[in-house]
Amino acid sequence: RQVGAAQQLDCHMHRVGVGALSLNYLCYGADVDITPGPLTDFYLVQIPLAGRADIHYGRQQLRSDAATAVVLSPDQPVAMRWQADCAQVLLHIPRALMEQRATDAPDAAGAPLDYQLALAQRSGPAAAWCQMVLDLAHNIDANGAAWLRHEAAAAALQDVLLRGLLALQLQLHDRAARAE
């Protein structure tokens with residue numbers, strides 16, 4: 001829902017499939033409230049390129065911007081306000097695929113699937129993974145996505161994105177546990 005009538009809603013959305021995942025670019029051009037509630041059947045990684053989004057996720061509140069990405073899990077209610085200048089790259093991950101990957105991958109056995117919400121994009125453990133997602137989006141924007149029609153290429157990218165996110169979340173949870 002657009003907040004106020006003074007701004008022009010100038011929505012831009014681009015989507016490309018990466019195996020069962022989808023990589024998206026989204027911006028609205030006006031302040032908008034987005035209230036999907038629980039996502040239920042997917043995880044959503046939001047990596048802001050510009051602007052900010054205020055996110056209410058379960059009992060947590062967070063401001064996401066070019067320094068802070070977020071991982072939204074399926075079971076928590078979500079409500080967001082994206083500012084007019086907020087542009088984001090989004091990675092949509094089907095819940096069943098993420099749960100299967102966490103169960104099947106020996107390096108991810110026991111991975112907590114209610115992921116840490118905030119990811120620092122510019123420093124720390126999440127920076128390289130976030131940059132990889134942004135580099136993929138930039139490559140597709142600059143060169144097209146025809147090469148992703150090759151099943152082996154799409155499957156390999158899907159695998160590296162999922163394994164990387166699981167490994168990152170395990171590392172973040174281990175750090176949090178050691179800090180307690």
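Count residues from 1 along the sequence.
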Stepwise, does the side chain to side chain contact (heavy atoms under 4.5 Å, CB included) test hold for Val89 with Gln46?
-> CA-CA 6 Å; Val89 170; Gln46 297 183 188; over 6 Å; no
Please name the pair of heavy atoms, one in [X] and one in [Y], separated by the smallest distance, quoted to 0.1 Å.
{"X": "Gln158", "Y": "Val18", "answer": "OE1-O, 3.7 Å"}
{"X": "Ala126", "Y": "Leu119", "answer": "CB-CB, 3.8 Å"}
{"X": "Leu136", "Y": "Trp147", "answer": "CD1-CH2, 3.9 Å"}
{"X": "Thr68", "Y": "Ala118", "answer": "CG2-CB, 4.0 Å"}
{"X": "Thr40", "Y": "Arg95", "answer": "O-NH1, 2.9 Å"}
{"X": "Leu148", "Y": "Ala154", "answer": "O-CB, 3.5 Å"}

Answer yes when Asp54 and Arg52 have at least one side-chain N-carboxylate O distance shorter than 4.0 Å, and no when they do not.
-> yes
For [X] and [Y], indicate whether the former's side chain and the latter's backbone hold a donor-acceptor pair under 3.5 Å.
{"X": "Asp33", "Y": "Arg81", "answer": "no"}
{"X": "Gln131", "Y": "Gln121", "answer": "no"}
{"X": "Gln88", "Y": "Cys27", "answer": "no"}
{"X": "Gln76", "Y": "Pro38", "answer": "no"}
{"X": "Trp82", "Y": "Ala87", "answer": "no"}
{"X": "Tyr28", "Y": "Gln83", "answer": "no"}

Just by distance, with hydrogens left out, do Asn24 and Ser22 show a side-chain donor and acceptor under 3.5 Å apart?
->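 Per modelled atom types, Asn24 and Ser22 side chains form a pair under 3.5 Å.
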With rounding to the nearest 0.5 Å, note down the distance linking [atom1] in [X] to [atom2] in [Y].
{"X": "Leu21", "Y": "Leu90", "atom1": "CG", "atom2": "CG", "result": "13.0 Å"}
{"X": "Leu23", "Y": "Leu161", "atom1": "CG", "atom2": "CG", "result": "8.0 Å"}
{"X": "Leu26", "Y": "Leu49", "atom1": "CG", "atom2": "CG", "result": "10.5 Å"}

Tyr57 vs Leu72, side chain to side chain contact (heavy atoms under 4.5 Å, CB included): CA-CA, chis, key distance, verdict = CA-CA 8 Å; Tyr57 176 76; Leu72 301 174; 3.5 Å; yes
Test item: [X] and [Y] side chains (from C-beta on) under 4.5 Å apart, heavy atoms:
{"X": "Ile55", "Y": "Gln60", "result": "no"}
{"X": "Leu44", "Y": "Val70", "result": "no"}
{"X": "Val78", "Y": "Met80", "result": "yes"}
{"X": "Tyr43", "Y": "Pro74", "result": "yes"}
{"X": "Leu165", "Y": "Val45", "result": "yes"}
{"X": "Leu162", "Y": "Leu97", "result": "yes"}

Who passes side-chain contact (heavy atoms from CB on, under 4.5 Å) against Ala156, sequence neighbours left out?
->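 Ala156: no side-chain contact (heavy atoms from CB on, under 4.5 Å) contacts found.
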List for me each residue that meets side-chain contact (heavy atoms from CB on, under 4.5 Å) alongside Pro125, sequence neighbours excluded, and say none if there are none.
->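 Pro125 satisfies side-chain contact (heavy atoms from CB on, under 4.5 Å) with Leu168, Gln171, Leu172, Arg175 once adjacent residues are dropped.
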In terms of ring plane angle, is the pair Tyr25 and His14 parallel, tilted or perpendicular, where the classes change at 30° and 60°?
-> tilted
